[in-house]
Amino acid sequence: MPATDSTEVVERVLRWYDEHARDLPWRRPGAGAWGVMVSEFMLQQTPVARVLEPWRVWLERWPTPTALAAAPAGDAVRAWGRLGYPRRALRLHRAAEAITEQHGGVVPDDLAALLALPGVGSYTAAAIASFAYGRRHVVLDTNVRRVLARVAAGMAAPPVAATVAESRLAEEFLPAEPARAARWAVASMELGALICTARSPACERCPVEDVCAWRRAGRPAAEGPRRRQAYEGTDRQCRGALLAVLRSSDVSVARDELDAVWPDPVQRERSLTSLVLDGLVVGDDLVGYALPG
DNA sequence: AACACGTGGTC
DNA sequence: TGACCAAGTGT
């Protein structure tokens, strides 16, 4: 058992959530499992504020997995807009095809079937099963990892890579009753997103401040600085520049038009090749380049 | 295990 | 002002 009284923490966080939950569109009853799934794809590494509008447009245009599967993959990539990581759009499209062909057009409700879908990893599978279907699963995203690290372990931040200890801890907090477990999953995420934030946590408004191990220890700083990945001048930035050209064009784009947006020819070639390899771009120097039909 | 993979907002 | 951060996945 953790030193922290998990039952008490869960109880208080659920009560806090009752009062402070954001009214996000994918949390409304009408959103459906597909609405939840689309939101989870869009929210991978992307802030809520930037997802709201693309999500609304997406669901209006493709209300079901089957509707999306019937559209060209390029339409999905274009509709993804500037959310970032456009491979997610491609994976979502491929997942919609798989759901259409293998699951009768219905988003699966069990972990194994969800995990088999492209772009669905352990977090997203648990999130869909929990949020859309009320199943009991540990939903361990960056918010929950941070909340548990602080409340129970007294650390400012969770380990860089997820550990079995974290999963075990999360399991101890998970209520036995499925509906309550699902509620805890979304509530603990919300606490991490609104109160127990990475930068400047609002402990004074936290429902579990007085039992938080990190708060009690005087909010000690994190261990070492985490080195982050560079972006400026990388292939990622180059790919983004190339794809931006193709996103904004309805017709095939000539090679020299792509050459104009990135100075280094070697990196440009490498990036374009990787985009084609990913399936985000189709074409060649002869016919030009475009998003996949 | 470590790295690739976009983009934009914040302090 | 640039470094950090945002509901991860795939290799």
What's the CD-C1' distance between A/E40 and C/dA6, to the nearest Å?
13 Å
By nearest-nucleotide position on DNA chain C, the 5'-leaning member of A/E190 and A/L117 is A/E190
OP1, OP2 of B/dT7 versus side-chain N and O of A/R236: anything below 4.0 Å?
no
Decide whether A/T163 and A/R168 meet the rule of one side-chain donor and one side-chain acceptor closer than 3.5 Å.
no
Does a side-chain N or O from A/Q45 land closer than 4.0 Å to OP1 or OP2 of C/dA6, or not?
no
Among C/dA7, C/dG8, B/dG6, find the nucleotide with the atom closest to the side chain of A/W26.
C/dA7
Give the ring-plane orientation class for A/W62 versus A/W58, where under 30° counts as parallel, over 60° as perpendicular and anything between as tilted.
perpendicular
Ignoring backbone atoms, test whether A/Y85 places a side-chain nitrogen or oxygen under 4.0 Å from the OP1 or OP2 oxygen of C/dG8.
no
On a whole-Å scale, what distance lies between the P atoms belonging to C/dC4 and B/dC3?
16 Å
Using whole Å, report how far CZ of A/R88 lies from P of B/dT7.
10 Å
State whether the number of non-hydrogen atoms from other residues, nucleotides or ligands found under 6.0 Å of A/R215 atom CZ is greater than 12.
no
Could you tell me how far apart A/F41 (CZ) and B/dG6 (P) are, to the nearest whole angstrom?
15 Å
Looking at C/dT9, I'd like to know if its phosphate oxygens (OP1 or OP2) sit under 4.0 Å from a side-chain N or O belonging to A/T124.
yes
Quiz question: going by heavy-atom distance under 3.5 Å, is there a donor-acceptor pair between the base of C/dC4 and the side chain of A/R199?
yes
Does C/dA6 have OP1 or OP2 under 4.0 Å away from a side-chain N or O of A/R146?
yes
Between C/dC5, C/dT9, B/dC5, which nucleotide gets closest to the side-chain atoms of A/A198?
C/dC5
Give a yes or no answer on whether the side chain of A/R136 reaches the backbone of A/A182 with a donor-acceptor pair at less than 3.5 Å.
no
What does A/L243 touch in the nucleic acid at a heavy-atom separation under 4.0 angstrom: a base, only the sugar-phosphate, or nothing?
nothing
Strictly below 4.0 Å, N to O, side chains only: are A/D110 and A/R135 in salt-bridge contact?
no
Residues A/Q44 and A/Y123: side-chain donor-acceptor under 3.5 angstrom:
no
What is the distance, rounded to the nearest whole Å, between atom CD of A/Q44 and atom P of B/dC5?
17 Å
Is A/V51 touching bases, backbone alone, or none of the nucleic acid, heavy atoms closer than 4.0 Å?
nothing
Applying a 4.0 Å non-hydrogen cut-off, can you work out what A/L90 is touching in the nucleic acid: base, sugar-phosphate, or nothing?
nothing
Closer to the 5' end of DNA chain C via nearest nucleotide, is it A/G119 or A/R22?
A/R22
Under 4.0 Å between any heavy atoms, over every strand shown, what does A/G121 touch: base, sugar-phosphate, or nothing? Just pick one.
sugar-phosphate
To the nearest Å, how far apart are A/E53 CD and B/dG9 P?
15 Å
Nucleotide C/dT9, atom C1' - distance to CD1 of A/I128 in whole Å:
13 Å
What's the gap between C/dA7 and B/dA2 when it is taken at their C1' atoms, as a whole Å value?
23 Å
When rounded to the nearest Å, what value does the distance between C1' atoms of B/dT7 and C/dT11 take?
23 Å
Name the nucleic acid region contacted by A/T197, choosing base, sugar-phosphate or nothing; use a 4.0 angstrom heavy-atom cut-off, strictly under.
nothing
Do A/R236 and A/Y85 have side-chain atoms, one donor and one acceptor, less than 3.5 Å apart?
yes
Check whether the side chain of A/R50 and the base of B/dG8 form a donor-acceptor pair under 3.5 Å.
no
Given atom CG of A/L277 and atom C1' of C/dG10, what is their separation to the nearest angstrom?
14 Å
Using whole Å, what does the distance between atom P of nucleotide B/dG8 and atom CG of A/L52 come to?
16 Å
Indicate, with a heavy-atom threshold strictly under 4.0 Å, whether A/D235 touches base, sugar-phosphate, or nothing.
sugar-phosphate
Please work out if A/W80 contacts a base, only the sugar-phosphate, or nothing of the nucleic acid, heavy-atom cut-off 4.0 Å.
nothing
Taking for each residue the nucleotide of DNA chain B bearing the nearest heavy atom, is the 5' side occupied by A/T234 or by A/R82?
A/T234
Donor-acceptor pair under 3.5 Å: do we get one between A/T46's side chain and the base of B/dG6?
yes
Name the nucleic acid region contacted by A/A127, choosing base, sugar-phosphate or nothing; use a 4.0 angstrom heavy-atom cut-off, strictly under.
nothing
